[in-house]
Number of protein chains: 2
Amino acid sequence: MQFERGATVFVAGMPGSPWRVVDGLVRLDREGLEGPEFGGLARVGDVIGAETMMFDRYTYTAVALLPLTIEAWCHGTAGEREQGLLLALARSERRMADVLALRGGRAAERIRRLFGFIAGAMGSRDADAPCIPMPRLRDIADITGLQVETVSRTISQLSEHGEIAPRARRYVQLNYAPE
Amino acid sequence: MQFERGATVFVAGMPGSPWRVVDGLVRLDREGLEGPEFGGLARVGDVIGAETMMFDRYTYTAVALLPLTIEAWCHGTAGEREQGLLLALARSERRMADVLALRGGRAAERIRRLFGFIAGAMGSRDADAPCIPMPRLRDIADITGLQVETVSRTISQLSEHGEIAPRARRYVQLNYAPE
DNA sequence: CGACTATTTGACCCTTCTCAAATCGGGTGG
DNA sequence: CCACCCGATTTGAGAAGGGTCAAATAGTCG
């Protein structure tokens, strides 16, 4: 299954099944009191929508932040299922710490880390100076806990300092080592 | 197994086995470049150290933020194990969103939410005006992404506004509905 | 009692938030 | 193909919330 940037993969409350991210980056939101609120990221190898195996319905809404490929997450024998679940659990905990780190420190650090994270999610072509697609500023803001205006200004600064260089429309090259 | 506030439950890199939190709240840290960095929370019902089932060693260091009780997380038949893992995974994802929410918004909101979260972790005695033990300011600061001084000042303000009321040493009563 | 750590408080400054408005794209219907 | 609309991005100015540094207090544990 393929999705383009901004496409909704599934919606909280709808019935469905689990998927594994093959390529790209997914934003997960849960329904808060004041509309949807950012609730996590999923990256290459991560499983999304595993809760459908218990509740039949998605708990989160998943939106592609980058061009995305996913595949059905089906697991064979009981033993394989168990291994798969264990791995998914370990990855989920790892992700929690990763995403948390994106909300600490100065604005510039947060965005630098997020871009590094995206570079990591892209399958590490060009480990030196990876070129990554940029999510919408609105998404960057939600993820990092900053305001859109701050994100805009900070990205301009990073660009002036030469840490990133705009490439094609909505693509930037990182001039620092990601992660 | 019982631990008191501040006690270390296990340390990243040591061999061990998984546990389930029966009562209390656990802080998880992973080893970052600059020493340990906050990497998540675990609450009543959550499983910690599940990664030992794959790697034999803990990935995170776990410290009790409140008086803590845990039990060995052993699972019976293959089917029970699978259900247990599914539940643990769903809870882990839920926790990710919870903890993320503790790092967004104003300082006062973050701390209000954290206290509400702790109240929820306490087994909901006194749903109206729950009385909760306070973690160290240092821990509150790490979790919310604020500075210790800001936490101190903000708690004073909440107290002046009557939203919380100091009880015994290191215990506060919440005068608002948690979560 | 004494060494240490945790918490509080003050002063000052910087980063980020807010509110407003201009600009830029992309897409649509004439 | 062009005029127009609407969401996304940029930019500015000003206010404020937190961060930072310093120092005083209050607890804790031997």
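In the text below, chain A, chain B and the rest are named by the order of the sequence lines, each starting its count at 1.
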A.B. asks: How many Å lie between CZ on B/R153 and P on C/dT8, as a whole number?
C.D. replies: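 It works out to 11 Å between those atoms.
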A.B. asks: Write down the distance between CD (A/Q147) and P (D/dT9), rounded to a whole number of angstrom.
C.D. replies: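 So the two atoms are 14 Å apart, to the nearest Å.
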A.B. asks: CG of B/L137 versus C1' of C/dA6: gap in Å, rounded?
C.D. replies: 7 Å
A.B. asks: NA contact type, B/G145, heavy-atom cut-off 4.0 Å: base, sugar-phosphate, or nothing?
C.D. replies: sugar-phosphate
A.B. asks: Quick one, B/D46 with B/S92, criterion side-chain contact (heavy atoms from CB on, under 4.5 Å). Give me CA distance, side-chain angles, the key distance, then yes/no.
C.D. replies: CA-CA 7 Å; B/D46 290 348; B/S92 166; over 6 Å; no
A.B. asks: Measure from CD1 on A/I140 to C1' on D/dT10 and round the result to the nearest Å.
C.D. replies: 14 Å
A.B. asks: More 5' along DNA chain D: A/V151 or A/R106, using each one's nearest nucleotide?
C.D. replies: A/V151
A.B. asks: In whole angstrom, what separates A/L146's CG from D/dT9's P?
C.D. replies: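 The answer, rounded to whole Å, is 15 Å.
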A.B. asks: Can you find a heavy atom in the side chain of A/D56 that is under 4.5 Å from one in the side chain of A/P15?
C.D. replies: no
A.B. asks: Before you tell me yes or no, could you show the steps for A/R30 and B/D98 under salt bridge (charged side-chain N to carboxylate O under 4.0 Å, His left out), namely the whole-Å CA-CA distance, both residues' side-chain angles and the distance that decides it to 0.1 Å?
C.D. replies: CA-CA 10 Å; A/R30 72 175 171 186; B/D98 288 339; 2.9 Å; yes
A.B. asks: Mapping A/G105 and A/R170 to their closest nucleotides on DNA chain C, which lands nearer the 5' end?
C.D. replies: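 That would be A/G105.
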A.B. asks: Under the ring pair (Phe, Tyr, Trp, His ring centres under 6.0 Å) test against A/F10, which residue among A/W19, A/F3, A/Y58 passes?
C.D. replies: A/Y58
A.B. asks: Taking only side-chain nitrogens and oxygens of B/S152, does any of them come within less than 4.0 Å of OP1 or OP2 of C/dT9?
C.D. replies: no
A.B. asks: CD of B/E149 versus C1' of C/dT5: gap in Å, rounded?
C.D. replies: 14 Å
A.B. asks: From CZ of A/R136 over to P of D/dT9, roughly how many Å is that when rounded to an integer?
C.D. replies: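 Computing the A/R136:CZ to D/dT9:P distance gives 7 Å.
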A.B. asks: Please state whether the phosphate of D/dG19, meaning OP1 or OP2, lies under 4.0 angstrom from any side-chain nitrogen or oxygen of B/T150.
C.D. replies: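 Yes, because at least one side-chain N or O of B/T150 sits under 4.0 Å from OP1 or OP2 of D/dG19.
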A.B. asks: Both conditions, 6.0 Å and 45 degrees, for the charged tip of A/R27 above the ring of A/F38: are they met here?
C.D. replies: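 That pair does not qualify as a cation-pi contact.
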A.B. asks: So, does B/R169 get its side chain near the phosphate of D/dG27, meaning an N or O under 4.0 Å from OP1 or OP2?
C.D. replies: yes
A.B. asks: For A/D139 and D/dA8, what is the distance between atoms CG and C1' respectively, to the nearest whole Å?
C.D. replies: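 Distance, rounded to whole Å: 11 Å.
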